[in-house]
Protein chains: 2
Amino acid sequence: MDAEQLAECFKAMGDRTRIQILALLKVEDLCVCELVEILGISQPSVSQHIRKLKNAKLVKERRQGKWIFYSLDGSLYPYIHAVLDTFPDLREKIEELKTNGQKVVCD
Amino acid sequence: MDAEQLAECFKAMGDRTRIQILALLKVEDLCVCELVEILGISQPSVSQHIRKLKNAKLVKERRQGKWIFYSLDGSLYPYIHAVLDTFPDLREKIEELKTNGQKVVCD
DNA sequence: AAGACATATAGACATATGCTTATATAACTA
DNA sequence: TAGTTATATAAGCATATGTCTATATGTCTT
């Protein structure tokens, strides 16, 4: 992999908010509106962070009804799971979301 | 490790020039003046990149006479070697340096 | 078909980044 | 000690980044 492409991957991970997004997706797949609630930033801001993570092939998407669920894409970087292991555990944030009845449920 | 600290590490790796520096240090320890030759950018620019890598604890230094040699510091990030394995092999760049008689030799 | 909801894109703005030149600091050498 | 070489820091500038509000697009529901 060339230096430019590697840099793009690390640049994508080089932001506090995107680290949190990856740490959250480590727990479970989430959609933008859920990330907005948890992170406390605007919806467009979340969308743009997601776009960078997608461009870097760190995240992939799956549409389900009117929601788009995002999940980790480990296919491109063999070390990605070792890296994610060192990320903070944000399980609790997602629990709060469920407690507050803000978790998206689709069937 | 918290999101802020993780982001600093990845931000440090999120630049083409610093990727190259790390890839070069993977081959052998180098000083600033050697990196200037190989990378073809100004000495202050190299020094500033090195500073970021040092702040992120990705690189450590060792003074030898009037030179300061920089080397990889793998102590903080357990996955760092797996990551560095995917970096380009720049051994040839260092060979060129030696061929041109620009390698620093101290005894 | 019309309205509601989820997500994406555009534009604006403040801050961060990477580069340069000029200068300061540190260590060796004659 | 004076000069030379290596590295670091400062200041300035152009570009990139992250955020917001406003608006567009896409999907479902009634």
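Any value given below was found using the heavy atoms of this structure, including those in side chains, with hydrogens, waters and symmetry copies removed. Because the structure is a prediction, the values reported are computed rather than measured. Here is the naming used below: chain letters follow the sequence lines, and residue numbers restart at 1 for every chain.
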How far apart are the closest heavy atoms of [X] and [Y], and which atoms are they?
X: Leu58(B); Y: Ala12(B); result: CD1-CB, 3.9 Å
X: Met13(B); Y: Val83(B); result: SD-CG1, 4.5 Å
X: Leu90(A); Y: Val27(A); result: C-CG2, 4.3 Å
X: Ala56(B); Y: Leu76(B); result: O-CD2, 4.4 Å
X: Leu6(B); Y: Pro88(A); result: CD1-CD, 3.7 Å
X: Gln102(A); Y: Glu34(A); result: O-CG, 4.2 Å

Could you go over nucleotides 28-30 of chain D and give all protein N or O partners under 3.5 Å, atom names and distances?
none

Could you state the atom-to-atom distance from [atom1] of [X] to [atom2] of [N] in whole Å?
X: Trp67(A); N: dC5(C); atom1: CH2; atom2: P; result: 11 Å
X: Arg62(B); N: dA26(C); atom1: CZ; atom2: P; result: 21 Å
X: Lys103(A); N: dA6(C); atom1: NZ; atom2: C1'; result: 14 Å
X: Ile41(B); N: dG18(C); atom1: CD1; atom2: C1'; result: 9 Å
X: Arg63(B); N: dT25(C); atom1: CZ; atom2: P; result: 15 Å
X: Glu61(A); N: dT7(C); atom1: CD; atom2: P; result: 11 Å
X: Glu34(B); N: dT5(D); atom1: CD; atom2: P; result: 17 Å

For Asp89(A), what residues pass the salt bridge (Lys or Arg N to Asp or Glu O under 4.0 Å) criterion, not counting sequence neighbours?
Arg91(A)
Leu24(B), Leu30(B), Leu53(B), Val32(B) screened by side chain to side chain contact (heavy atoms under 4.5 Å, CB included) with Tyr70(B), the one that passes
Val32(B)
Near DNA chain C, under 4.0 Å by heavy atom, which residues of residues 44-60 of chain B?
Pro44(B), Ser45(B), Gln48(B), His49(B), Lys52(B)
For dA8(C), does either OP1 or OP2 sit under 4.0 Å from a side-chain N or O belonging to Tyr70(A)?
yes
Taking 4.0 Å as the cut-off, does a side-chain nitrogen or oxygen of Ser42(B) come that near to OP1 or OP2 on dC19(C)?
no
Within residues 5-18 of chain A, which residues have any heavy atom lying less than 4.0 Å from an atom of DNA chain D?
Lys11(A), Asp15(A), Thr17(A), Arg18(A)
Residues in contact with DNA chain D, drawn from residues 21-30 of chain B - heavy-atom cutoff 4.0 Å
none
Side chain of [X], backbone of [Y]: donor and acceptor closer than 3.5 Å?
X: Lys11(B); Y: Lys11(A); answer: no
X: Lys26(B); Y: Leu84(B); answer: yes
X: Lys60(A); Y: Leu72(A); answer: yes

Please check if atom NZ in Lys57(B) has more than 12 non-hydrogen atoms from other residues, nucleotides or ligands closer than 6.0 Å.
no
Show which side-chain atoms of residues 44-52 of chain B pair as donor or acceptor with protein atoms under 3.5 Å away, not counting sequence neighbours.
unit_1   : atom_1 : unit_2   : atom_2 : d
Ser47(B) : OG     : Gln43(B) : NE2    : 3.1
His49(B) : ND1    : Arg18(B) : NH1    : 3.0

Between the base of dA6(C) and the side chain of Gln43(A), is there a donor and acceptor pair under 3.5 angstrom?
no
Interatomic spacing from OG in Ser71(A) to CD in Glu61(A) - rounded to 0.5 Å:
9.5 Å
